[in-house]
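Quick notes on the structure that follows.
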Number of protein chains: 2
Amino acid sequence: MPSNLSDNIPDIVIGRLPIYLRALNRLAQDGHEVTSSHELGQILGISSAQIRKDLSHFGGFGKQGTGYQIVFLEEKLRQVLKVNREWEVALVGAGDLGTALAHYGGFAERGFKISCVFDNAKEKIGKPLNGFTVQALDELETTIKARAIKMAMIAVPAKAAQEVADKLIAVGVRAILNYAPINLNVPPEVRVQYIDPVIHMQRMTFYLP
Amino acid sequence: MPSNLSDNIPDIVIGRLPIYLRALNRLAQDGHEVTSSHELGQILGISSAQIRKDLSHFGGFGKQGTGYQIVFLEEKLRQVLKVNREWEVALVGAGDLGTALAHYGGFAERGFKISCVFDNAKEKIGKPLNGFTVQALDELETTIKARAIKMAMIAVPAKAAQEVADKLIAVGVRAILNYAPINLNVPPEVRVQYIDPVIHMQRMTFYLP
DNA sequence: ATAAATATGAACAAAGTTTCACAATCGAAA
DNA sequence: TTTCGATTGTGAAACTTTGTTCATATTTAT
């Protein structure tokens with residue numbers, strides 16, 4: 001009898017759900033209506049048993065003999081992941097990277113709406129950026145509290161990242177996507193995900209001759 | 001008796017080494033000369049035992065009672081990861097993302113030199129981009145083979161990514177950093193790492209109230 | 001010199017994750 | 001209606017990863 005209520009699902013399982021969701025999107029776009037754990041596993045390079053076991057944490061979404069209805073499974077996964085609604089996201093840092101993130105359409109498309117941008121450089125404050133006005137860091141507290149924003153992206157230099165994170169957490173942010181190449185120290189109720197492309201590159205060179 | 005020779009080290013261990021290296025860099029920059037598994041663990045939120053165990057796969061780099069000499073350990077980790085030299089990298093895709101990647105200084109700084117850029121859009125080919133000239137995809141084979149390039153980044157739309165990957169692999173690339181939001185099908189001798197920021201965001205919303 | 005404190009590396013134990021294997025179920029076809 | 005092939009969901013087994021403990025080595029303080 002599986003349950004949706006924090007059954008203490010392993011984090012590694014949660015980490016695979018967005019990948020399943022992305023593959024299902026693609027299958028649906030390509031006109032498929034049903035799929036199977038075997039087919040999904042083929043696409044993703046994961047065993048079919050693992051996919052079935054992962055999904056079974058949240059309920060029986062498939063039909064024996066048939067497989068999974070793609071749109072139904074997508075809907076269920078969106079519910080589980082809480083991405084069946086729009087999330088407002090604060091962006092801190094309006095340098096090259098911050099600017100690129102503000103312009104990237106993929107966030108809004110998939111439910112994450114960047115809704116304010118902060119920087120502390122005088123020459124950037126007040127400038128328009130893809131529909132926003134870059135705000136001073138001083139305004140971070142007011143803006144984020146007023147909108148009850150819970151998610152943020154950090155795109156500032158490494159030496160400023162911890163301080164920015166502390167500020168964000170103090171005003172209620174609970175999930176941070178950190179592009180600064182540094183580990184953040186955060187309390188346990190705050191989630192952090194890291195993106196540092198060099199780390200990924202260094203992880204691959206080990207296997208090269 | 002630990003060995004550097006592919007002792008079949010778990011990939012998860014390899015994945016942590018770049019993170020150790022990044023933290024060591026930072027400690028060195030801050031003027032530290034030695035550290036301990038305990039201190040590193042504090043910084044990274046990892047147990048000290050795990051750090052010692054990970055490192056012991058490659059040799060005894062520390063001194064009992066003292067800890068680890070930072071520059072020595074950095075050098076050893078660079079050797080293990082094969083990042084104690086410069087790697088040439090091909091970039092495919094000169095759109096917004098590709099352009100941002102070409103301009104990002106962090107790759108060259110840490111040993112990954114983007115040394116050619118490809119796109120198939122007529123209006124981009126021949127244009128200068130941070131010191132390179134954007135080349136047509138037709139020239140991919142000649143250029144990559146001539147320079148014996150083994151690493152590439154894919155920054156093209158999802159629908160083109162698999163085809164690009166196939167081309168790259170055919171001409172000798174063995175490690176791919178894929179920014180397209182799609183899983184690539186590759187032979188076992190090729191490593192792929194994925195960067196899709198939305199996936200990271202979706203992984204965090206599960207834990208939000 | 002000696003004792004106390006610190007820290008590694010290795011062996012062992014515990015916890016967590018993945019795979020296996022199969023009963024139960026479904027839909028289609030004879 | 002019965003049979004057949006396909007496919008799920010799941011408990012048990014196998015495997016991987018993490019954490020604990022301890023013998024030993026080094027440094028520092030007395």
Side-chain angles (χ1 to χ4, degrees), chain A residues 1-4 6-17 19-20 23-24 27 32-74 76-77 80 188 203 206, chain B residues 1-4 6-17 19-20 23-24 27 32-74 76-77 80 188 203 206:
Chain A
M1 217 123 314
S3 112
N4 200 344
S6 53
D7 200 358
N8 82 324
I9 313 287
D11 179 61
I12 194 163
V13 172
I14 302 304
R16 280 191 293 262
L17 300 186
I19 295 170
Y20 298 164
L24 291 168
L27 282 170
H32 292 66
E33 294 198 347
V34 298
T35 188
S36 64
S37 58
H38 186 73
E39 185 181 37
L40 256 184
Q42 281 278 297
I43 293 171
L44 298 174
I46 288 179
S47 81
S48 59
Q50 183 162 75
I51 292 172
R52 291 198 302 278
K53 184 142 260 215
D54 284 352
L55 296 179
S56 76
H57 282 105
F58 308 99
F61 299 147
K63 239 184 201 165
Q64 283 142 325
T66 308
Y68 301 90
Q69 288 295 125
I70 291 176
V71 292
F72 175 76
L73 182 53
E74 280 185 291
K76 287 298 180 187
L77 289 182
V80 167
R203 183 175 185 160
F206 174 82
Chain B
M1 218 123 313
S3 113
N4 201 344
S6 53
D7 200 359
N8 82 323
I9 315 285
D11 179 61
I12 193 165
V13 172
I14 302 304
R16 280 190 293 261
L17 300 185
I19 295 170
Y20 298 162
L24 291 166
L27 282 169
H32 292 66
E33 293 198 346
V34 299
T35 187
S36 64
S37 58
H38 186 72
E39 185 180 37
L40 257 184
Q42 281 278 298
I43 293 170
L44 298 174
I46 287 179
S47 82
S48 59
Q50 182 163 78
I51 292 173
R52 292 200 302 277
K53 181 151 226 193
D54 285 352
L55 297 179
S56 75
H57 280 105
F58 307 98
F61 299 146
K63 236 185 202 163
Q64 284 149 323
T66 307
Y68 300 89
Q69 288 295 125
I70 291 176
V71 292
F72 176 76
L73 182 54
E74 280 184 292
K76 287 299 180 187
L77 288 183
V80 167
R203 182 174 184 161
F206 174 80

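Every chain is numbered from 1 and lettered A, B, ... according to where its sequence line falls, protein lines coming before strand lines. Worth knowing before you read on, the calculation uses all heavy atoms, side chains too, and leaves out hydrogens, waters and symmetry mates. It should be emphasised that the depicted structure is a prediction, and the values quoted were computed from it without experimental measurement.
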Problem - Rounded distance (Å) that lies between atom C1' of dA7(C) and atom NE2 of His38(B) - result: 11 Å
Practice task
Measure from NZ on Lys76(A) to P on dG9(D) and round the result to the nearest Å.
Solution key: 13 Å
Exercise for the section: Using only side-chain N and O atoms of Tyr68(A), determine if any of them is under 4.0 Å from OP1 or OP2 of dC26(C). Expected result: no
Exercise for the section: Please examine the side chains of Tyr20(B) and Leu73(B), heavy atoms only from C-beta on, and report whether any two atoms are closer than 4.5 Å. Expected result: no
Practice task
Using the side-chain contact (heavy atoms from CB on, under 4.5 Å) rule, pick out the option among Ile70(B), Leu24(B), Ile19(B) that qualifies with Leu40(B).
Solution key: Leu24(B)
Handout entry: dT8(C) OP1/OP2 closer than 4.0 Å to side-chain N/O of Ser37(B)
Key = yes
Problem - Shortest non-hydrogen separation from Ala23(A) to Leu44(A) and the atoms involved - result: CB-CD2, 3.9 Å
Completion exercise
Rounded to whole Å, the NZ-P distance (Lys63(B) to dT28(D)) equals 11 Å
Practice task
Take atom CG of Leu73(A) and atom P of dT8(D), then tell me their distance rounded to the nearest Å.
Solution key: 11 Å
Problem - Nearest-angstrom distance from the residue atom CZ of Phe61(B) to C1' of dA7(C) - result: 17 Å
Exercise for the section: Round to a whole Å and report the spacing from NE2 of His57(A) to P of dT17(C). Expected result: 9 Å
Problem - Atom pair CD (Gln42(A)) and OG (Ser48(A)), whose distance is rounded to the nearest 0.5 Å - result: 9.0 Å
Handout entry: Contact pattern, 5' to 3', of nucleotides 12-22 of chain D - B, S or - by protein heavy atom under 4.0 Å
Key = B----SBBBB-
Practice task
Please examine the side chains of Ser56(B) and Arg52(B), heavy atoms only from C-beta on, and report whether any two atoms are closer than 4.5 Å.
Solution key: no
Handout entry: Contacts of Ser36(A) that satisfy side chain to side chain donor-acceptor pair (under 3.5 Å) - sequence neighbours left out
Key = none
Completion exercise
Separation of dG9(D) atom P from Gln64(A) atom CD, nearest Å, is 7 Å
Exercise for the section: Measure from CD1 on Ile70(A) to P on dT7(D) and round the result to the nearest Å. Expected result: 13 Å
